[in-house]
Amino acid sequence: MAKTQRRGQVMNRVARRVKGTAGRAVAKAKASRSVRKVQVTLGDLIAAAMDVAGEAKAAAQLMSSRSMSAATGKQIVFVG
């Protein structure tokens with residue numbers, strides 16, 4: 001148990017617990033929802049990155065970023 005001192009007194013901090021049943025119900029509802037898979041070509045991804053970034057170099061950095069590889073499940077590498 002953590003203790004803090006205030007003007008010479010020692011006060012015990014007490015953590016409040018939230019009932020776990022509500023949180024589990026929400027997590028179960030989110031897990032049961034189906035995810036619609038969409039097929040996107042590499043050309044579509046590059047075109048979208050060019051629309052967002054504007055320049056080819058910035059689009060290449062965006063496409064080869066860790067977040068993009070986590071989202072697509074593939075690592076995209078630009079050479080040249």
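All figures in this text were calculated on a predicted structure; none of them were measured in a lab. By convention here, the first residue in the shown sequence is residue 1.
For Ala47, there are no side-chain contact (heavy atoms from CB on, under 4.5 Å) partners at least two apart in sequence or on another chain. For Ser65, the side chain to side chain donor-acceptor pair (under 3.5 Å) partners are Ser67, not counting sequence neighbours. Applying the side-chain contact (heavy atoms from CB on, under 4.5 Å) rule to Thr72 yields the partners Leu45, Met68, Lys74; only residues at least two apart in sequence or on another chain are considered. In this structure, the side-chain contact (heavy atoms from CB on, under 4.5 Å) partners of Ala59, at least two apart in sequence or on a different chain, are Ala49, Met50, Ala53.
Screening residues 43-53 for side-chain hydrogen bond (donor to acceptor under 3.5 Å, both in side chains) gives Thr41-Asp44 as the qualifying pairs, with residues at least two apart or on separate chains.
Under the 4.5 Å side-chain heavy-atom criterion for grouping Ile, Leu, Val, Met, Phe, Trp and Tyr, Val52 is not connected to Ile76 through any hydrophobic cluster. Following chains of ILVMFWY side-chain contacts shorter than 4.5 Å, one cannot reach Val77 starting from Leu42, and the two form parts of different hydrophobic clusters.
If you take CZ on Phe78 and CG on Leu62, they are separated by 9.0 Å, rounding to the nearest 0.5 Å.
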